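Everything below concerns the one structure shown next.
Keep in mind that this is a model prediction, so the values were computed, not measured.
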Amino acid sequence: MTAMTSTHTPPVSLHTPVIGWFEQHARDLPWRRPEAGAWGVMVSEFMLQQTPVNRVLPVYEQWMARWPRPADLAADAPGEAVRAWGRLGYPRRALRLHGAAQAITERHGGDVPSEHGQLLALPGIGEYTAAAVASFAYGQRHAVLDTNVRRVFARAATGIQYPPNATTAAERKLARALLPEEDARAARWAAATMELGALVCTAKNEDCGRCPIAAQCAWRLAGKPAHQGAPRRGQTYAGTDRQVRGRLLAVLRESVAPVSQAALDSVWEEPVQRARALDGLVADGLVEPLAGGRYRLPLT
């Protein structure tokens with residue numbers, strides 16, 4: 001993989017066209033503006049995991065207006081974070097973000113830390129989010145590997161249509177090899193490759209005519225060979241426990257008062273699946289059971 005990178009796509013020949021394209025075509029997103037600060041970047045990274053930008057934007061704006069600093073969120077009940085999360089999906093992210101806000105308030109005086117190790121030590125923060133916040137908020141040099149970046153690197157440098165389902169050590173090694181040496185330029189490169197994957201080198205309809213590195217792309221030069229790896233994971237939703245969980249949470253979000261078991265029973269006919277979904281929400285800390293068969297979003 002690295003041999004192909006050095007032979008066909010030397011890193012320096014990719015940096016200038018990709019960053020130049022980004023300077024002209026980057027979307028004006030609120031978390032990219034200076035006033036967003038590190039907290040705004042962190043909130044956006046939590047929300048954007050497995051969720052498209054157009055769904056995140058309205059929730060992000062409301063969230064930042066209500067909780068402009070970590071301490072503001074930390075002072076509120078975790079259930080309020082779940083309520084404000086709305087229909088973004090994967091609501092455990094709301095609880096993790098609330099936990100991170102509490103830790104930032106307790107350990108770092110309410111300011112999102114700039115050191116990668118301190119970010120990684122926060123609850124709910126993994127390698128990707130720590131690297132993204134350090135890079136996008138503080139202009140540091142880190143390999144930021146989301147789905148879009150992995151797809152760009154797979155095609156441009158490795159010559160395959162799609163990356164593996166799970167991030168590999170080889171991908172991380174390649175990403176580090178492709179990083180510009182200067183911190184600020186590396187941070188720009190991270191944002192630029194992510195945007196290129198989101199807007200041009202997309203999963204289903206790549207637009208090579210708009211790509212600034214099409215002439216160097218190993219996959220295009222090889223004739224765009226079809227994907228030979230493991231089948232790509234689909235995003236099934238209808239009829240799943242995840243759908244049932246979403247319906248149960250919707251009832252709880254819309255009610256300030258505790259909700260009866262009967263109100264929850266009405267959202268899904270199949271009793272075994274409904275009970276399993278509700279038990280899962282309780283186990284995940286997203287729902288708090290009360291006496292008398294009532295339920296609410298968590299207060300602590």
Side-chain angles (χ1 to χ4, degrees), residues 19 22-23 25-74 76 81 84-86 88 90 92-150 175 179-180 182-199:
I19 293 173
F22 182 68
E23 300 292 349
H25 299 285
R27 291 168 291 180
D28 178 21
L29 300 174
W31 46 85
R32 288 179 175 162
R33 299 169 192 160
E35 60 268 24
W39 174 238
V41 170
M42 178 176 285
V43 170
S44 75
E45 288 300 334
F46 271 79
M47 290 184 174
L48 287 165
Q49 293 167 23
Q50 299 177 287
T51 308
V53 166
N54 64 331
R55 288 182 58 200
V56 165
L57 278 168
V59 180
Y60 173 88
E61 298 279 14
Q62 294 165 8
W63 188 285
M64 293 302 293
R66 181 173 179 180
W67 298 304
R69 289 181 52 81
D72 300 317
L73 176 59
D76 223 332
W85 201 254
L88 284 183
Y90 304 100
R92 275 179 287 183
R93 292 180 293 169
L95 288 184
R96 291 173 184 147
L97 185 50
H98 185 273
Q102 288 182 316
I104 290 167
T105 303
E106 294 166 3
R107 304 177 197 169
H108 303 287
D111 294 322
V112 176
S114 60
E115 292 184 19
H116 181 267
Q118 291 180 328
L119 288 165
L120 201 53
L122 295 173
I125 301 283
E127 175 57 40
Y128 165 77
T129 304
V133 173
S135 179
F136 301 148
Y138 293 114
Q140 296 175 15
R141 184 179 184 271
H142 295 281
V144 182
L145 276 175
D146 82 334
T147 302
N148 289 315
V149 177
R150 294 175 63 224
L179 271 178
E182 300 171 356
D183 282 8
R185 191 164 174 81
R188 206 67 173 157
W189 165 255
T193 50
M194 191 174 293
E195 192 78 334
L196 186 65
L199 299 184

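Remark: the Glu45 side chain and the Tyr128 side chain contain an N/O donor-acceptor pair separated by less than 3.5 Å. A donor and an acceptor atom, one from each side chain of Glu127 and His116, are located under 3.5 Å apart. Looking at Thr147 and Gln50, their side chains never bring a donor and an acceptor atom within 3.5 Å of each other.
Annotation: side-chain hydrogen bond (donor to acceptor under 3.5 Å, both in side chains) contacts of Gln102 (sequence neighbours excluded): none. Gln118 is linked by a side-chain hydrogen bond (donor to acceptor under 3.5 Å, both in side chains) to nothing, counting only residues two or more places apart in sequence or in another chain.
Leu97 places a side-chain heavy atom less than 4.5 Å from the side chain of Val43. Leu196 has its side chain out of reach of His25: every pair of non-hydrogen atoms, C-beta onward, lies at least 4.5 Å apart. Arg185 has its side chain out of reach of Leu179: every pair of non-hydrogen atoms, C-beta onward, lies at least 4.5 Å apart. For the pair Leu119 and Met42, the minimum side-chain heavy-atom distance is below 4.5 Å. Proximity of Arg27 to Leu199: side-chain heavy atoms (C-beta onward) are separated by under 4.5 Å at one or more points. Between Val56 and Leu88 the shortest side-chain heavy-atom distance falls below 4.5 Å.
Counting only distance, with no hydrogens or angles, the side chain of Arg188 and the backbone of Glu23 share no donor-acceptor pair below 3.5 Å. Side-chain atoms of Thr105 never come within 3.5 Å of backbone atoms of Ala103 as a donor-acceptor pair (strictly under, hydrogens ignored). Arg96 places no side-chain N or O within donor-acceptor distance of the main-chain N or O of Ile125, the cut-off being under 3.5 Å. The closest donor-acceptor contact from the side chain of Arg141 to the backbone of Glu182 lies at 3.5 Å or more, if one exists at all. A donor-acceptor pair under 3.5 Å is formed between the side chain of Arg69 and the backbone N or O of Gly110. Under the 3.5 Å distance criterion, the side-chain polar atoms of His108 are left unmatched by any main-chain donor or acceptor of Ser114. Side-chain N or O atoms of Thr193 include one that pairs as donor or acceptor with a backbone N or O of Ala190 at under 3.5 Å. For Ser44 (side chain) and Val41 (main-chain N/O), a donor-acceptor pair under 3.5 Å exists by modelled atom type.
To the nearest 0.5 Å, atom CH2 of residue Trp189 and atom CD1 of residue Ile19 are 7.0 Å apart. Here the straight-line distance linking atom CD of Gln140 with atom OG of Ser135 works out to 8.0 Å at 0.5 Å rounding. Between Leu57 atom CG and Leu29 atom CG the span is 6.0 Å, to the nearest 0.5 Å. To the nearest 0.5 Å, atom CG of residue Leu122 and atom CD1 of residue Ile104 are 5.0 Å apart.
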* Test side-chain contact (heavy atoms from CB on, under 4.5 Å) applied to Val133 and Val112, step by step -> CA-CA 9 Å; Val133 173; Val112 176; 4.1 Å; yes
* When you look at Arg32 and Glu195, which way does the salt bridge (Lys or Arg N to Asp or Glu O under 4.0 Å) test go after all the steps? -> CA-CA 12 Å; Arg32 288 179 175 162; Glu195 192 78 334; 2.7 Å; yes
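A salt bridge does not link Arg66 with Glu61: every distance from a Lys NZ or Arg NE/NH1/NH2 to an Asp or Glu carboxylate oxygen is 4.0 Å or more.
Heavy-atom minimum distance, Asn148 versus Met194: CB-O, 3.6 Å. Closest non-hydrogen pair, Pro123 versus Gly99, comes out as CG-O, 3.4 Å. Nearest heavy-atom pair, Ala143 versus Ala131, reported as atom, atom and distance to 0.1 Å: O-CB, 3.7 Å. Between Leu73 and Ala101 the shortest heavy-atom distance is CD2-CB, 3.8 Å. Here the closest non-hydrogen pair linking Ala81 and His98 is CB-CB, 4.3 Å. Residue Met64 comes nearest to Ala36 through the heavy atom pair CE-O, 4.4 Å, listed as atom of the first residue, atom of the second, then distance.
Judged as a ring pair (Phe, Tyr, Trp, His ring centres under 6.0 Å), the pairs with a partner in residues 37-71 (not counting sequence neighbours) are, in order, Trp31-Tyr60, Trp63-Trp67, Trp63-Trp85.
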